[in-house]
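Beneath this line is the structure, given in structure tokens, with notes to follow.
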Amino acid sequence: MKKLEIIDVTKYFDELYTLENISLTLEENQIVSIIGPSGSGKSTLFNIVAGIEKADHGKILIEGNDYTGKTGRVSYMHQKDLLLPWKTILDNASIPLMIKGIDKKVARQQAAPYFSLFGLEGFENHYPHQLSGGMRQRAALLRTYLFAKDIMLLDEPFGGLDAITKRKMQQWLLSVLKNLKASILFITHDIDEALFLSDKIYVLSERPARIKAIFDIGIPRPRDNSTFTCEEFVSLKEKILNLL
Amino acid sequence: MKKLEIIDVTKYFDELYTLENISLTLEENQIVSIIGPSGSGKSTLFNIVAGIEKADHGKILIEGNDYTGKTGRVSYMHQKDLLLPWKTILDNASIPLMIKGIDKKVARQQAAPYFSLFGLEGFENHYPHQLSGGMRQRAALLRTYLFAKDIMLLDEPFGGLDAITKRKMQQWLLSVLKNLKASILFITHDIDEALFLSDKIYVLSERPARIKAIFDIGIPRPRDNSTFTCEEFVSLKEKILNLL
Amino acid sequence: MKRLRNTGNSPYTFSILNIDLLPVVFTTFLILLWEVITRLDLVDPFILPAPSKVIHTLVVTFPLMGQHMMATVFEAVVGFCIAILAGILIAIMMDKVRVLKRIFYPLLITSQTVPIITLAPLFAMWFGFGYLPKIVIVVLVCFFPITISLLKGLESVDKDLLNLLKSMGASSWDIYKIVKLPAALPSFFSGLKISGTYSIMAAVIGEWVGGRRGLGIYMLRVKNSFATDRVFAAILVIVLLSIGVLKFIGFIESKAMPWNKEIYGLKKEEE
Amino acid sequence: MKRLRNTGNSPYTFSILNIDLLPVVFTTFLILLWEVITRLDLVDPFILPAPSKVIHTLVVTFPLMGQHMMATVFEAVVGFCIAILAGILIAIMMDKVRVLKRIFYPLLITSQTVPIITLAPLFAMWFGFGYLPKIVIVVLVCFFPITISLLKGLESVDKDLLNLLKSMGASSWDIYKIVKLPAALPSFFSGLKISGTYSIMAAVIGEWVGGRRGLGIYMLRVKNSFATDRVFAAILVIVLLSIGVLKFIGFIESKAMPWNKEIYGLKKEEE
Amino acid sequence: SIGTGKEAREPSQQMEKVTVILDWVPNTNHTGMYTAIEQGYYAEEGLAVEIIQPGESGSAELIATKQGEFGISYQEQVAYARTAENPLPVKAIAAIIQHNTSGFASPVNKEILSPKDFEGKKYGGWGSPMEEAILKALMDKEGGDFSKLEMVDIGVIDFFTSVENHVDFTWIYYGWDGVAAELRDFGLNFILLQDIQEALDFYTPVIIAHDELLESNPQLAERFLRATTKGYQYAMENPEGAAADLLKWVPELDEEMVIASQKYLAAQYQAEAKRWGEMKAEVWERYSEWMYQQGLLREALKTEDAFTNEFLPQ
Ligand SMILES: Nc1ncnc2c1ncn2[C@@H]1O[C@H](COP(=O)(O)OP(=O)(O)OP(=O)(O)O)[C@@H](O)[C@H]1O
Ligand SMILES: Nc1ncnc2c1ncn2[C@@H]1O[C@H](COP(=O)(O)OP(=O)(O)OP(=O)(O)O)[C@@H](O)[C@H]1O
Ligand SMILES: O=C([O-])O
Ligand SMILES: [Mg+2]
Ligand SMILES: [Mg+2]
């Protein structure tokens with residue numbers, strides 16, 4: 001089933017032509033990655049899907065319904081963890097529930113059970129600065145997940161991590177997704193990451209962003225360290241490298 | 001010839017045991033990479049080589065002479081470009097010469113010829129903020145090179161760049177090194193980067209850092225996009241991945 | 001990468017209860033020097049009384065000065081509180097409605113160049129000789145740093161964080177409650193500390209336009225009878241009160257931002 | 001990632017020469033309101049003279065006031081310059097020698113709670129009636145913000161940058177010249193602007209210790225002749241002079257940091 | 001002291017420099033000295049006189065710290081100065097005005113005609129214990145109940161504003177505020193202190209000098225007072241000319257007021273005394289005794305230390 005459809009989206013910032021007729025489909029329970037040069041307009045596309053930026057042309061369909069320009073439907077995560085330093089991890093994770101109007105206490109109770117799944121058990125009452133970079137990203141991901149469990153937009157969620165931690169997070173993400181029903185749109189600069197995680201990869205051009213290529217990634221799951229060196233991975237990587 | 005030898009270096013920060021008997025050799029015109037977990041002590045090791053941190057035990061030999069604790073012999077570059085925003089690129093590049101006591105005007109004349117080699121021609125009088133991330137790193141590298149041309153310590157020089165720009169910089173670095181005689185010690189978190197650039201890789205353990213493994217990288221030069229998918233690369237990558 | 005580390009004791013540190021004793025020792029030395037100079041009759045005592053004399057006078061005259069002090073403290077506290085409320089209100093308004101910021105911000109900056117002391121007599125003309133004109137002066141002095149620093153704090157919030165909340169459909173009130181106000185607290189408190197430093201002094205200046213009670217009035221009176229020691233005792237009380245206000249704000253700050261202590265501690269090391 | 005973008009004209013902007021006209025229009029409106037109130041005799045002109053009257057008085061009495069103004073400007077400028085020199089010296093000393101910072105920093109903070117006005121009469125006893133006591137007061141008022149902000153600027157320099165220069169074997173003087181001082185300039189200038197705002201006012205207050213010439217002397221005299229319009233004209237001159245000082249510092253700032261204009265412009269957009 | 005103004009330019013090399021510190025902003029109490037500058041009387045004595053406007057606290061401390069040779073003060077201040085715990089070595093050497101021209105003033109509509117009428121009224125002063133004592137003494141004498149008087153400090157607020165908005169009566173110098181009221185046709189009830197109680201006819205203002213100066217250089221005081229006397233005599237004979245001299249030096253003042261005030265003071269400077277500046281021991285004693293009895297002074301004033309006529313011209 002088509003979970004999310006971006007249809008023919010065009011965007012100008014005043015004179016700056018940023019997105020040129022972008023169309024894209026996210027199927028249920030898929031991970032779809034978007035790779036593209038810096039400044040091409042990837043984050044802008046996410047902002048449009050999330051409803052906080054207006055497209056000049058085009059539509060956003062979610063489960064077949066028009067959500068163009070509407071906020072509050074999909075959840076959204078940045079490269080920066082954007083955790084509030086003055087709230088504990090549990091309170092940070094409860095924020096989306098509180099915004100939905102759920103009472104603080106109830107929100108906490110609803111958020112708490114997910115901590116073990118996200119590898120944060122025992123850290124509920126820690127402040128963000130007491131956590132490692134990887135744990136902070138997991139907490140941010142948990143918060144994102146708690147807002148909208150079915151569609152998540154992840155904008156370079158591991159971009160700020162060192163390569164080793166990043167690799168661990170990628171493996172963790174795949175493992176946790178086995179237990180969650182979620183469709184994910186994923187921005188990254190890292191070809192290895194895109195190949196490792198995705199069912200499909202869209203490669204964007206320089207600004208104005210057009211879709212330059214689409215790759216269906218048939219690498220079998222579960223994926224692990226050996227995935228990085230399997231033949232299909234290596235040949236797809238070569239193709240994408242030569243595209244960029 | 002042994003350009004740089006680190007012999008049995010040990011370092012404590014008060015109680016914090018950081019480096020445990022690190023020994024390492026850099027041959028002339030080689031690139032040697034150091035990979036290790038975050039916080040293991042890689043930058044500390046560089047600080048000791050550069051003479052701005054004191055080792056508790058051990059020696060630094062350069063071309064056979066004892067340089068333990070002495071600054072001003074090797075050049076050093078950080079992940080951040082550390083360019084001065086209030087100086088033009090040319091003036092930024094001239095800083096090491098000026099510190100050596102060379103007159104400002106002369107320093108500029110000495111620095112200018114390298115701009116084309118470093119892909120910065122025409123940007124001499126631009127301020128850093130007017131340059132792209134990749135260009136800023138090249139300018140920082142030029143400044144580093146102008147301080148000491150024979151031995152350069154590069155501490156995650158491309159860590160702050162997006163993956164695509166990073167790849168371009170790695171290829172550029174190899175191409176420029178063909179024309180320069182330089183021996184480079186290179187810290188990175190990125191296994192692809194280490195494999196692509198190096199003649200030798202040292203893998204460090206968690207803190208206190210010990211040398212966990214040494215790999216001689218025999219992948220033939222010149223290296224290019226296809227290097228990432230060649231057999232030797234893939235098999236070395238798998239070994240290192242499993243080590244970390 | 002900047003390093004976070006715990007401070008070891010530096011070789012020069014000798015501290016009790018987390019107070020650095022070095023400046024205390026140095027200040028004590030200065031005061032002793034002053035004592036010696038006055039004891040040796042190097043200056044006229046009506047120009048500069050001995051510190052021991054000032055302390056003695058402070059103790060002896062405290063019952064009387066205390067009454068005046070209460071009035072000053074009252075004016076300072078009421079004025080400070082009003083300044084805080086007004087500052088919060090106006091900063092939030094300027095943050096929310098940009099046109100208001102464009103109109104009022106330049107006026108606020110310009111207003112700082114008006115010498116309030118010269119206006120003080122006007123306030124007496126308009127507001128009489130009760131507490132009101134003093135409180136007005138305290139408000140005028142304290143209001144500006146609070147407003148400007150709160151505004152800066154509100155504006156410095158990460159735009160991506162605001163976008164994140166907006167993408168969740170958060171209301172403007174949600175955004176203030178969850179992000180903007182807490183994020184602005186450190187900046188707000190640094191504004192409070194600047195204002196707090198001046199609040200007592202502002203009340204004293206306000207009292208010079210006239211009134212019946214207050215340290216300002218007291219100072220004018222004792223000066224009139226050439227009791228320099230009493231003038232100095234009053235100055236000492238003003239300094240101590242001001243430091244008290246500062247400490248109190250610092251205390252509230254640490255209570256209001258329990259998370260901050262550690263981050264701050266680390267940050268300070270970093271910088 | 002924060003976005004750098006050029007500002008388009010906002011719908012409310014109508015500007016000449018880069019000046020936002022909105023506050024100007026609003027201020028003009030306020031002044032007209034004030035004029036109307038006084039014209040309708042709603043307040044005694046003795047308490048609040050009409051703005052037109054104040055301007056008229058300003059023009060008519062300018063030859064006389066001008067002489068007083070010169071004295072005030074002289075004191076403010078000399079005091080400000082001395083404060084700058086002293087501030088630079090002491091900030092660098094505190095930055096270089098940490099023990100000095102530990103000793104003097106708390107004293108500096110505490111000194112801000114001492115009401116300088118109460119000390120002013122002492123300065124007349126010590127320094128007489130010439131320019132000296134006024135200049136001393138200007139220095140005391142201006143010195144603190146300059147020192148503290150320069151010190152902050154010097155301390156905020158990236159440690160990695162300092163390490164880089166050290167690894168090149170740079171001398172302490174090299175480090176100040178190449179990195180620390182230029183890096184501290186923005187913070188230094190923001191301190192200068194705060195001090196500058198108060199410099200004229202401080203000179204006026206200084207003149208109240210007594211003397212022969214200056215806007216402070218002038219104000220006391222015209223007040224004693226019940227000439228409220230002249231008092232207001234003098235306040236207007238003080239405000240205009242203070243704004244002039246601010247603009248001048250802003251001009252020097254843009255000259256001293258040519259690279260900064262663009263970065264700053266962008267930064268402001270970002271925040 | 002420093003000066004780059006008019007005074008500094010005129011005197012020739014041999015002139016002896018003298019600084020006079022006023023009690024407050026320059027006004028018609030000080031005219032004789034400006035006249036003496038303007039008419040060249042000081043120059044005749046070889047003196048280059050510079051006149052300084054002081055701060056809030058007047059001149060006594062400044063004369064005591066030798067920031068000037070001569071100061072303008074008033075009897076009460078000298079009494080406080082001489083009896084302070086650390087006495088200030090200053091001494092009165094001439095009375096500028098022979099009688100106390102100050103008193104309590106109120107708009108006519110308040111109907112305050114005698115200290116008895118102070119009852120239930122609001123007094124605006126500057127909060128010195130001396131005021132309280134004087135008000136109490138006057139009311140006691142006239143049968144008023146002092147406890148029914150409300151006192152507020154009006155600090156620096158001028159007479160007109162204060163009685164317009166805030167208080168019923170204040171203490172003024174007739175020679176300035178009283179004259180200003182006349183010029184404005186502001187109906188005034190004025191109670192002259194000395195009319196009610198003789199002890200309150202104290203000298204205000206007076207010229208003071210440092211004890212040491214008087215001892216080590218009595219000629220200076222004599223020369224200064226000789227010229228100053230001529231200045232005040234000129235002011236008594238020619239109020240308008242004297243007003244012009246004052247205005248020349250202090251153009252900030254209102255010309256009309258200065259002339260009116262000058263005319264009023266012409267008869268007050270010397271009054272019935274045989275020479276300008278003369279002070280009577282009984283006036284000093286009466287008032288300082290009164291102050292002491294009211295508990296205003298720490299100790300009884302030795303009046304022979306507080307004033308002298310010996311430097312006045314014969
Ligand atoms: N609100 C805005 N106003 C004007 N221009 C904008 C705005 N937001 C983004 N831009 C511009 O649009 C272009 C695309 O920005 P965007 O952040 O979407 O790129 P991106 O692909 O996410 O880049 P990166 O990989 O660096 O995150 C950039 O040139 C950016 O400067
Ligand atoms: N000056 C110092 N004082 C105390 N501890 C320090 C100091 N410098 C570094 N450390 C500590 O030493 C350890 C090693 O730090 P270092 O920066 O060398 O690690 P690294 O391997 O470079 O890490 P990264 O990959 O994150 O750059 C860390 O735990 C760090 O906190
Ligand atoms: O010198 C004057 O007093 O004006
Ligand atoms: Mg982006
Ligand atoms: Mg490091």
Side-chain angles (χ1 to χ4, degrees), chain C residues 1-3 10 12-13 20 22-27 30 44 47-48 98-99 102-107 109-119 121-122 125-126 152 155-156 158-160 194 197-198 200-201 204-205 208 219 223 228 231 234-235 238-243 245-246 270-271, chain D residues 1-3 10 12-13 20 22-27 30 46-48 98-99 102-107 109-110 112-119 121-122 125-126 152 155-156 158-160 194 197-198 200-201 204-205 208 216 219 223 228 231 234-235 238-243 245-246 270-271:
Chain C
M1 207 204 281
K2 285 182 181 177
R3 269 163 212 111
S10 99
Y12 307 101
T13 312
D20 188 354
L22 202 56
V24 177
V25 168
F26 181 72
T27 312
L30 284 185
D44 269 322
I47 292 187
L48 192 65
R98 304 311 288 177
V99 184
R102 279 177 51 213
I103 293 179
F104 289 114
Y105 195 82
L107 292 185
I109 300 289
T110 311
S111 74
Q112 285 313 96
T113 65
V114 179
I116 291 181
I117 299 181
T118 61
L119 295 182
L122 287 178
M125 289 189 204
W126 298 337
K152 262 195 195 157
E155 288 181 344
S156 69
D158 192 334
K159 287 280 165 295
D160 289 329
I194 295 173
T197 312
Y198 297 130
I200 301 284
M201 205 188 299
V204 171
I205 291 170
W208 286 346
M219 284 177 80
K223 212 153 141 19
T228 321
V231 175
I235 292 177
I238 292 171
V239 169
L240 292 177
L241 285 175
S242 304
I243 293 174
V245 171
L246 272 185
E270 253 186 284
E271 276 161 34
Chain D
M1 207 204 281
K2 285 185 181 173
R3 274 170 206 105
S10 98
Y12 307 100
T13 312
D20 189 355
L22 202 55
V24 176
V25 169
F26 182 72
T27 312
L30 284 185
F46 176 67
I47 291 186
L48 191 66
R98 304 310 287 176
V99 183
R102 279 176 54 214
I103 293 178
F104 288 113
Y105 194 82
L107 291 186
I109 300 287
T110 311
Q112 285 313 98
T113 65
V114 179
I116 290 181
I117 300 181
T118 60
L119 296 181
L122 287 178
M125 288 190 218
W126 296 338
K152 263 194 195 159
E155 288 180 344
S156 70
D158 193 333
K159 287 279 166 297
D160 289 329
I194 296 172
T197 311
Y198 297 130
I200 301 283
M201 207 188 299
V204 171
I205 291 170
W208 290 346
M219 283 176 80
K223 203 148 133 12
T228 320
V231 176
I235 292 178
I238 292 171
V239 169
L240 292 177
L241 286 175
S242 305
I243 293 175
V245 172
L246 272 185
E270 256 186 282
E271 277 162 36

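Order of the sequence lines fixes the chain letters, A, B, ..., with proteins taken first and strands second; residue numbering starts at 1 for each chain. What you see is a predicted model; the values in this text were computed from it and never measured.
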The side chain to side chain contact (heavy atoms under 4.5 Å, CB included) partners of D:Ile194 (sequence neighbours excluded) come to D:Pro145, D:Tyr198
Just to verify, what does C:Lys152 make a side-chain hydrogen bond (donor to acceptor under 3.5 Å, both in side chains) with, not counting sequence neighbours? none
Step by step, would you call D:Val99 with C:Leu22 a side-chain contact (heavy atoms from CB on, under 4.5 Å)? CA-CA 8 Å; D:Val99 183; C:Leu22 202 56; 3.4 Å; yes
Counting only heavy atoms closer than 4.5 Å, note whether D:Leu48 contacts chain C via side chain, backbone, both or neither. side chain
Answer key: most heavy-atom pairs under 4.5 Å with chain D among C:Leu241, C:Ile243, C:Ile117 is C:Ile117
What's the shortest heavy-atom distance between [X] and [Y], and which atoms?
X        : Y        : value
C:Pro115 : D:Ile235 : CD-CG2, 4.3 Å
D:Val114 : C:Met201 : O-CE, 3.8 Å
C:Ile47  : D:Met125 : CG1-SD, 3.7 Å
D:Ser242 : C:Thr113 : CB-CB, 3.3 Å

Give, for atom CD1 of C:Ile109 and atom CG of D:Leu246, the distance between the pair rounded to the nearest 0.5 Å. 8.5 Å
Against chain D, label C:Tyr105 side chain, backbone, both or neither, depending on which of its atoms sit under 4.5 Å from a heavy atom there. neither
Heavy-atom proximity to chain D below 4.5 Å, by part of C:Leu107: side chain
